[in-house]
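Since the structure comes first, as structure tokens, the remarks are kept for the end.
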Amino acid sequence: MQHPRSRPSYLDGVRAAAPIGVAAFAFGLSFGVLARSADMGRVAPVVMSVTTFAGSAQFAVASILGAGGGLVTAIVAAVLLNLRYGPIGLSAASALEGPWWKRALTAQLVVDESWAIAQRHDGRTDRHLLVGAGLLLLVTWTTGTAVGAFAGELVADPESLGLDAAFPALFLALLWSQVRDRSRLLAALGGAAIALVLMPFTGPGVPIVAASLACLVGARNEARRPS
Amino acid sequence: MSAVWVSVTVVGLATVAIKAAGPLLLASHTPPPRAQAALEHLAPALLAALVVTQAVGGDNGGFTVDARLAGLAAGAVALLLRAPLLLVITVAAVTAALVRLVT
């Protein structure tokens, strides 16, 4: 998709993101249906898909509110999930140009997939690929959410379709692409262990927040690394 | 304002701020290596916890083992076979639906 000579265009970004755009639509649909079943109404999930535009955090909010978890737990879990956009934003910063408001606005198109698609061989992020891919994913994710939220009842009961099993599989698939080395594997195992230990004793959501402490594995490994 | 709209507003504003922070701050700031390393390990830790809570979490805390676990296992097999994301999720959903159909 990336030509060696010519610079990628916005359209190249759209093309590169098309396959994952199909998945984004399907999951937007699932999110719309899940949000409805979690009593989030129809408009709020669509507004959330446009403004938050981060799948796992939105699923976490819907799951925790739907499971009777607290408002603060839902917000903290979602914000913690989105904290990764701090370092990802740092990585993508070199691709963004113009005045501060333009950089801040373009940065909203950064999601895991658009950022990954826009990586160049020299380790920098391509702005055209990022914007093209980000816009396509924003449109497909939000459209899917709207269809799920407004016409979800046509899809019948999400659980009879096994849609509730799609969520742990989604998170596992996203985790799969994250676990690239030993220390990330340790962080994942630690997070899973903390969640399993706390689940019988705390309300829904708290185990997820506590599991974030497993990220300290990364700091420890970094400290050990000879420099 | 209902809990739903509070969460949509607060999470939305927080996410917009987090996404904008890096590009706005980068010129002057780089986190120390250990902090950066910890941040980069948040995603696997949180995603793993979400896998666990979504697969066997009960409605009011605790554990519930049902068709979701069979779906997750089938999805994991699909992942091992290098299936694309959409197929992994579809396999998990279809498996859970089939298990519910026959039990």
Side-chain angles (χ1 to χ4, degrees), chain A residues 23 40 44 47-48 51-52 54 61 67 71 74-75 78-79 81-87 89-90 93 96 103-104 107-108 110 161-176 178-179 184 187-188 191-192 195-196 200 203-204 208 211-212 214-219 222-223, chain B residues 3-8 10-12 14-16 18-24 26 30 33-55 57 59-63 67-68 70-72 75-76 79 84-86 88-89 92-97 100:
Chain A
M40 287 183 71
V47 170
M48 194 178 205
T51 54
T52 296
V61 168
L71 171 65
I75 290 172
V79 170
L81 271 168
N82 280 347
L83 273 183
R84 72 182 185 283
Y85 286 121
L90 288 173
L96 308 178
R103 275 179 285 151
Q108 302 311 313
V110 171
L161 291 172
L163 282 177
D164 55 342
F167 305 132
L170 168 71
F171 291 128
L172 184 66
L174 292 172
L175 176 64
W176 200 265
Q178 294 266 345
V179 178
R184 282 179 174 78
L196 274 172
I208 301 170
S212 65
C215 78
L216 295 174
V217 165
E222 181 67 26
Chain B
V4 168
W5 281 104
V6 171
S7 60
V8 168
V10 174
V11 170
T15 305
V16 166
I18 293 167
K19 284 186 177 179
L24 294 183
L26 183 77
T30 309
R34 290 184 69 181
Q36 177 82 14
L39 275 176
E40 288 171 1
H41 287 73
L42 257 178
L46 285 164
L47 285 168
L50 278 166
V51 170
V52 170
T53 53
Q54 292 286 295
D59 281 344
N60 298 302
F63 300 105
R68 290 174 298 172
L72 178 65
L79 263 178
L85 180 65
L86 189 58
V88 170
I89 289 145
V94 169
T95 303
R100 287 209 174 96

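Numbers restart at 1 for each chain; the letters A, B, ... are given by sequence-line order, proteins then strands.
Between A:A173 and B:L79, the closest heavy-atom pair is CA-CD1, 3.8 Å. Closest of all the heavy-atom pairs between A:V61 and B:S7 is CG1-OG, 3.9 Å. The nearest pair of heavy atoms linking A:A104 to B:L24 is CB-CD1, 4.3 Å. When all heavy atoms of B:P23 and A:G89 are compared, the pair lying nearest together is CD-O, 3.6 Å. The two residues A:V47 and B:V8 come nearest to each other via the heavy atoms CG1-CG1, 4.1 Å. The two residues A:G162 and B:R100 come nearest to each other via the heavy atoms CA-NH1, 4.1 Å.
Contact of B:A76 with chain A is made through backbone and side chain together, with heavy-atom distances under 4.5 Å. Looking at A:L96, only its side chain comes within 4.5 Å of chain B, counting heavy atoms on both sides. With a threshold of 4.5 angstrom between heavy atoms, B:A55 approaches chain A through its backbone and through its side chain. Using a 4.5 Å cut-off between heavy atoms, A:L71 contacts chain B through its side chain alone, with no backbone atom that close. At a 4.5 Å heavy-atom cutoff, the contact between A:A78 and chain B is made by side-chain atoms alone. Residue B:V11 touches chain A through both its backbone and its side chain, counting heavy-atom pairs closer than 4.5 Å.
Considering only residues two or more places apart in sequence or on other chains, B:T15 meets the side-chain hydrogen bond (donor to acceptor under 3.5 Å, both in side chains) condition with A:N82. In this structure A:R103 satisfies the salt bridge (Lys or Arg N to Asp or Glu O under 4.0 Å) test with no other residue, sequence neighbours excluded.
Among the candidates A:A54, A:A211, A:S212, the residue making the largest number of heavy-atom pairs closer than 4.5 Å to chain B is A:S212.
Side-chain contact between B:I18 and A:V79 is present, with heavy atoms from C-beta onward closer than 4.5 Å. Side-chain contact check for A:P168 versus B:L50: every heavy-atom pair is 4.5 Å or farther apart.
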